[in-house]
Amino acid sequence: METLVQALHKQPTAVNTEVKVINLALFGHGLVGGTLISQILESQQNIAKRKGIYLNIFAVANSKRLLLNENGISNQWLDQISQQPEGYSVQQVIDFAKQHQLENLIAVDNTASTTFINNYELLVNGDFHLISSNKIANTISFKFYQSLRETLHKNNKEYLYETNVGAGLPLIDTIKLLHLSGENITKITGVFSGTLSYLFNNFSVENQPFSAILQQAIANGYTEPDPREDLSGNDVARKLLVLARELELENEFDEIKIQNLIPEPLQALSVTEFLNQTDKLDPYYQDLKNKLEPNHVLRYVGELSGDLQQAKGILETKLIAVSAFTALGQLKGSDSIFEIYTESYGDNPIIIQGAGAGAKVTARGVFGDILRLASKN
Ligand SMILES: NC(=O)C1=CN([C@@H]2O[C@H](COP(=O)(O)OP(=O)(O)OC[C@H]3O[C@@H](n4cnc5c(N)ncnc54)[C@H](O)[C@@H]3O)[C@@H](O)[C@H]2O)C=CC1
Ligand SMILES: N[C@@H](CC=O)C(=O)O
């Protein structure tokens with residue numbers, strides 16, 4: 001019997017071309033991954049009709065279980081994955097794709113795992129393009145970064161990660177194009193973290209303990225699974241490093257000057273222990289607020305500077321106090337702001353601003369990467 005996917009291969013679209021099936025393996029279905037699945041299932045038919053591209057999710061996996069269906073998952077996927085046996089390997093996904101002759105393969109990493117990236121080269125060698133919201137692959141050693149790119153090049157595959165910086169904002173694409181076109185980027189500064197933006201935008205002006213605002217940020221899906229990744233400055237540092245490497249700088253993570261905003265006693269706790277005692281953050285942050293001059297607010301900023309034509313740049317993250325009447329001081333909600341200084345634009349930077357965190361905007365950004373790859377290949 002003909003499957004849905006086989007039928008779609010033949011089905012003429014509105015513009016009378018054949019439907020191209022893109023086969024997706026999605027790893028991680030938490031806030032971002034789960035939202036992405038809903039967004040794809042909702043617009044699958046519409047995209048097939050309008051664009052002649054059918055997004056077939058043939059694999060979904062979490063850290064323990066794997067759901068496979070060559071014809072694509074249905075709306076019951078969450079129930080079905082919970083009934084799968086525990087334990088699987090990524091090789092199983094690759095073998096399944098081969099066995100069912102699935103083409104146009106894309107693997108999407110929506111985990112926050114530090115180890116899942118060890119599967120990236122395996123997937124690329126197994127004929128998959130890569131997309132990730134996970135920033136780890138771009139921010140561990142430069143050696144890994146280079147090796148992955150060599151493997152991608154050898155296999156004629158691509159890796160997109162627009163959501164690594166600024167969630168759904170078109171930042172990496174912009175930097176890539178500027179750099180590729182020979183524009184000399186001289187500095188990038190701004191509020192890189194949507195989470196820290198939300199925290200300080202609200203804490204600076206509201207009469208609430210810091211921990212209450214942190215709980216709101218968690219509930220809104222702005223924070224990393226362990227919010228200390230945000231508060232430590234590590235997540236901002238990762239974003240800086242992703243951008244630096246786009247400019248072909250060879251910096252390593254441990255060369256970044258990072259201001260850690262977690263009081264020492266809370267740094268070594270487990271995630272659950274930390275989440276149960278976030279009120280211990282309050283005196284530390286209240287003290288910072290009490291020291292502010294009138295009409296000043298707190299902002300956590302990142303800066304990439306130095307001679308960016310050399311092998312390494314200067315990367316720094318820090319908490320600063322700014323006048324409430326400046327552009328930085330006026331930031332609202334979870335907005336990030338990136339100021340890109342280049343030779344041609346001189347003292348007037350290109351500014352990209354908008355929601356820098358949140359499951360919906362991030363999933364939409366990953367969706368954008370999928371469509372970018374789908375239209376190319
Ligand atoms: N929340 C946001 O605004 C943004 C998040 N991101 C990134 O998105 C990624 C996902 O974040 P969330 O959805 O908030 O995390 P989450 O904790 O809600 O979901 C993570 C999922 O990954 C799964 N997982 C963990 N290890 C795995 C493995 N080895 N194999 C397969 N699945 C595995 C977990 O079971 C869970 O389903 C993170 O890397 C984060 O940095 C990027 C940009 C913005
Ligand atoms: N926690 C992150 C989410 C996206 O990467 C942030 O605040 O920017």
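These numbers were taken from a predicted model, which means no experiment stands behind them.
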Practice item. List the steps, then state whether side-chain contact (heavy atoms from CB on, under 4.5 Å) holds for Leu281 with Leu231. Key: CA-CA 10 Å; Leu281 293 165; Leu231 295 172; 4.1 Å; yes

Practice item. Check step by step if salt bridge (Lys or Arg N to Asp or Glu O under 4.0 Å) holds for Glu229 and Lys135. Key: CA-CA 12 Å; Glu229 273 303 292; Lys135 307 168 191 93; over 6 Å; no

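- At most 12 heavy atoms of other shown residues, nucleotides or ligands fall within 6.0 angstrom of atom OH in Tyr345.
- Contact check for Phe367 versus Ser43: side-chain heavy atoms found under the 4.5 Å cut-off.
- Here the straight-line distance linking atom CG of Leu67 with atom CD of Gln76 works out to 11.0 Å at 0.5 Å rounding.
- The environment of Glu264 atom CD is sparse: at most 12 non-hydrogen atoms of other residues, nucleotides or ligands sit within 6.0 angstrom.
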Practice item. Apply side-chain contact (heavy atoms from CB on, under 4.5 Å) to the pair Leu171 and Leu243, showing each step before the final yes or no. Key: CA-CA 9 Å; Leu171 196 76; Leu243 294 185; 4.0 Å; yes

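- For the pair Ser147 (side chain) and Lys143 (backbone), a donor-acceptor distance under 3.5 Å is absent.
- With respect to Tyr198, the ring pair (Phe, Tyr, Trp, His ring centres under 6.0 Å) criterion is satisfied by exactly one of Phe210, Tyr222, Phe203: Tyr222.
- Taking the side chain as every heavy atom from C-beta outward, Leu55 and Ile57 never approach each other to under 4.5 Å.
- Side-chain contact between Glu316 and Ser305 is absent, with no heavy-atom pair separated by less than 4.5 Å.
- For the pair Arg238 and Phe253, the cation-pi test (distance below 6.0 Å, angle within 45°) is passed.
- Atom CD of Glu273 sits in a crowded spot, with more than 12 heavy atoms from other residues, nucleotides or ligands closer than 6.0 Å.
- Heavy-atom neighbours of Lys360 NZ from other residues, nucleotides or ligands within 6.0 Å: at or below the threshold of 12.
- For the pair Asp235 and Leu196, the minimum side-chain heavy-atom distance is 4.5 Å or more.
- Partner of Lys312 under the salt bridge (Lys or Arg N to Asp or Glu O under 4.0 Å) criterion, out of Glu252, Glu248, Glu250, Glu255: Glu255 alone.
- Within 6.0 Å of atom NZ in Lys176, more than 12 heavy atoms from other residues, nucleotides or ligands are found, so the atom counts as buried in its surroundings.
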